[in-house]
> 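Take a look at this one; I'll ask things after.
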Amino acid sequence: MAEGATKPSNFIRTIIDEDLKKGKNDGRVVTRFPPEPNGYLHIGHAKSICLNFGLARDYKGKCHLRFDDTNPCKEDVEYEDSIQGDVKWLGFDWGENFFHASDYFLQLYEYAVDLIKQGKAYVCSLSADEMRAYRGTLKEPGKNSPYRDRSVEENLDLFERMKNGEFEEGSHVLRAKIDMASPNLNMRDPVIYRIRKEAHHRTGNQWVIYPMYDYTHCISDALERITHSICTLEFEDHRPLYDWVLDQLDVPCHPRQIEFARLNINYTVLSKRRLIELVEGGHVSGWDDPRMPTIVGFRRRGYTPASIRNFCDRVGVAKKDSCVDMGLLEFCVREDLDRSAPRAMGVLQPLKLVIDNYPEGQVEEFEVPCHPQDPAMGTRKIPFSREVYIEQDDFMEDPPKKFFRLGPGREVRLRYGYIVKCVDYVKDETTGEIKEVHCTYDPDTLGAAPQDGRKVKGIIHWVSAAHAVAGEVRLYDRLFVKEDPTGDKSVDYKTFLNPDSLQVLENCQLEPSLAGAAPESRFQFERLGYFCADIKDFKPERPVFNRTVTLRDTWAKIDKKDR
RNA sequence: UGGGGCGUAGCCAAGUGGUAAGGCACCGGAUUUUGAUUCCGGCAUUCCCAGGUUCGAACCCUGGCGCCCCAGCCA
């Protein structure tokens, strides 16, 4: 839980508290995170992970990791590896409790035989199209399948032959015999087994029939003695089926399914289907593109596990459809990085500043703190000389009164260095570009206020030109320009992709210590934001940093307001 | 009335009959060699609407309205 935050209270904890009070489940609390290994995890999954593992932690229970691998057509080990890596990176540990729904294929099969023997399941030989027609509609009841009354013996024989591979895909399915007139479509004799002649990534060619989600999930939960099976709202309609299956069978226990609202965040999309589309359509560089709301994307962007956990704690758990402000996520990273990231100076858009009265060839070394509030982070040395780079934005030819950086005749402090005064500047008259700024420095102002008591409010960052390391910095902005890119179903959400979501700056000037940064290490570049050494592309001879998030920028706000 | 769910501030969200927590955002103000951080202060006379019950209602009742989900041999 976040420092200072109130004790989490939500309807799921209330339910668990009540169950505990009633003595249910012998006081155990066991949850599970059940991803299908068919894609990468995104921040919506992080909410579920934090919820399930968080509950297990707080109630001294367990949280299982179980791959819901019942569809061999879509699943792969590649995804299993990335999912496990993501959950661990987020800081959670399933210990011994690592499972696969495919571990239960044999038991699931035996339970299905049991259902058939009880006359509660039958082999249906309708085609997919016919079955759809028989299902009825939202307002009209369905019709019984002509195969609904096959004898137990025939069903047993047919189901075994399905298992033995005697039939083609699509020719038969096993259905639960419930109620074709149910107003809940999930109860209209749902399919529980289908034929798929495809190798499964774990069981190979051992099976040609595969159980469906509704049938598999509840039994898997029961076999693992899960107490609270937490899923998202769209499964609420499936709960009667979840309960029905367990009620028919001799299973170890009957877990309680609880549904909560999935996470939505503005200016992005959070559905597996759309994320795949962005990757395959080349709109981003991959699943780990720092603009992606995937766990690997956030990681590469520079987000910390703690910041994502805090975010998930802060958004809460409820049943209301909601859309969380991206600003909250940004707040959470800044909060974490502010205390954990060492400071450094880097100039993104360099402008040369020459100190006319500083001795040519002289070099000083300033020993400066790595963190202004945390002495334990130590100090580092930064070289200073006659020519330095400053940010283009920190000089204005004709600055407004509220701008307290550099301008003709104005004074500013070079962070951790001297106060300099602008005496001249060089401008390309054809392009209007400022080529160079000339200053004089006040030698008495190193680590001290001016003798005469004059106030110099502005402080700017800089890097010694002769010692700077050139590097690449990637600036990221929101992926979509629209708050709710999928809100209007008649317009393709990709229409709202932000064309400026990535800006690559190839000629940044960084303080020398940054060349020694470890890939994936994070820094605050003073006055700019938090930056992370790219895990793939960073090289000491060519540093590459990704901007995680900017610092809060009050000036930008004032400036915008005044225009 | 096909069924299931949900409506508390700009965005999240507690609250479960005793007089609206908290966070983000926003607006002040203090400190600051990062226009950062930190710190203080402000920010719902009212809980989708309308009636009703009650000494007392966001919570209970009735009737509306609005939004989301469901017709895969996906999960």
Side-chain angles (χ1 to χ4, degrees), chain A residues 2 4-10 14 34-36 38 68 70-71 73-75 124 126-128 131-133 135-142 169-175 182-188 190-196 210 212-214 216-217 231-240 259 261 266 272 313-332 334-335 338-339 343 345 368 372-373 402-405 413-417 419 445 447-449 456-461 524-529 550-559:
Chain A
T6 50
K7 182 169 128 255
S9 172
N10 61 53
T14 303
E36 181 186 16
N38 73 341
D68 232 325
T70 57
N71 188 348
C73 313
K74 296 164 62 178
E75 298 148 8
C124 181
L126 248 24
S127 70
M131 203 180 295
R132 189 176 312 119
R135 189 153 33 226
T137 69
L138 292 178
K139 295 188 178 181
E140 298 153 28
E169 282 189 17
S171 58
H172 307 280
V173 294
L174 184 70
R175 293 227 253 172
S182 172
N184 181 342
L185 295 260
N186 296 118
M187 301 298 271
R188 319 243 262 227
V191 172
I192 59 179
Y193 264 94
R194 77 291 215 185
I195 300 169
R196 280 280 176 279
Y210 290 91
M212 298 287 288
Y213 166 85
D214 286 305
T216 308
H217 204 88
C231 60
T232 43
L233 250 30
E234 66 271 27
F235 291 102
E236 204 147 22
D237 286 340
H238 295 240
R239 187 170 3 119
E259 312 82 13
N266 58 14
K272 211 179 274 183
D313 287 342
R314 277 190 235 244
V315 298
V317 180
K319 298 194 71 159
K320 180 173 65 171
D321 288 316
S322 62
C323 186
V324 177
D325 195 328
M326 184 63 97
L328 180 61
L329 225 197
E330 295 178 345
F331 169 84
C332 291
R334 288 192 186 108
E335 177 187 52
D338 175 55
R339 53 171 186 70
R343 312 283 118 127
M345 288 202 281
V368 308
Q373 276 86 236
K402 285 180 186 167
F403 182 85
F404 43 82
R405 278 114 89 160
R413 178 179 292 278
L414 295 177
R415 164 129 255 222
Y416 295 128
I419 286 176
T445 55
V456 175
K457 187 148 170 68
I459 298 158
I460 63 174
H461 60 279
Q524 182 196 97
F525 288 1
E526 294 212 37
R527 301 211 308 132
L528 297 175
T550 61
L551 250 31
R552 198 164 146 257
D553 191 350
T554 309
W555 163 248
K557 219 177 286 176
I558 296 168
D559 192 36

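Per chain, numbering begins at 1; letters A, B, ... match sequence-line order. Everything numeric here is computed off the predicted structure, so don't read it as measured data.
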> For A75(B), does OP1 or OP2 lie under 4.0 Å from any side-chain N or O of Arg194(A)?
yes
> I want to verify the glycosidic state of G72(B); is it syn or anti under the 90° rule?
syn
> Rounded to whole angstrom, note down the C1' distance from C55(B) over to C48(B).
27 Å
> Would you measure the distance from the C1' atom in A58(B) across to the matching atom in G15(B) and give it in whole Å?
8 Å
> Protein-nucleotides 68-71 of chain B N/O pairs closer than 3.5 Å?
| from | atom 1 | to | atom 2 | distance (Å) |
| --- | --- | --- | --- | --- |
| C68(B) | O2' | Asp321(A) | OD2 | 3.2 |
| A71(B) | O2' | Arg135(A) | NE | 3.0 |

> Ser322(A) side chain N/O closer than 4.0 Å to the phosphate oxygens (OP1, OP2) of C11(B)?
no
> Taking pairing as Watson-Crick or G-U wobble with both contacts under 3.5 Å, can you name the mate of C74(B), or confirm there isn't one?
none
> Kindly indicate whether the side chain of Arg552(A) and the base of G35(B) share any N or O donor-acceptor pair separated by less than 3.5 Å?
no
> With a 3.5 angstrom cut-off on both distances, give the Watson-Crick or G-U wobble partner of C67(B), or none if there isn't one.
G5(B)
> Now, which nucleotide makes the Watson-Crick or G-U wobble pair with U46(B), with each of the two distances under 3.5 Å?
none
> Work out how far the C1' atom of U45(B) is from that of A57(B), and round it to whole angstrom.
15 Å
> Could you tell me if the side chain of Ile460(A) sits less than 4.5 Å from the side chain of Leu414(A), heavy atoms only?
yes
> Would you mind reading off the distance between Arg415(A) atom CZ and U37(B) atom C1', rounded to a whole angstrom?
11 Å
> Would you say the base of A75(B) stacks on Tyr213(A) (centre-to-centre below 5.5 Å, plane angle below 30°)?
no
> Would you mind reading off the distance between Arg334(A) atom CZ and A25(B) atom C1', rounded to a whole angstrom?
12 Å
> Can you tell me the pairing partner of G51(B) across any strand shown, Watson-Crick or G-U wobble, with both distances under 3.5 angstrom?
C61(B)
> Partner lookup for G17(B), please. Criteria are Watson-Crick or G-U wobble with both distances under 3.5 angstrom; report none if nothing qualifies.
none
> Do Gln524(A) and U34(B) have a side chain to base donor-acceptor pair shorter than 3.5 Å?
yes
> Using Watson-Crick or G-U wobble geometry with both distances below 3.5 Å, tell me the partner of G41(B), or none.
C27(B)
> Between Ile192(A) and Asp214(A), is any pair of side-chain heavy atoms under 4.5 Å apart?
no
> Say whether, by atom type as modelled, one donor and one acceptor occur between the side chain of Asp237(A) and the main chain of Asn184(A) under 3.5 angstrom.
no
> Suppose you measure atom P in C69(B) against the same atom in A36(B); what distance do you get, rounded to whole Å?
42 Å
> Collect all protein-nucleotide pairs involving nucleotides 28-31 of chain B in which both atoms are nitrogen or oxygen and the distance is under 3.5 Å.
none

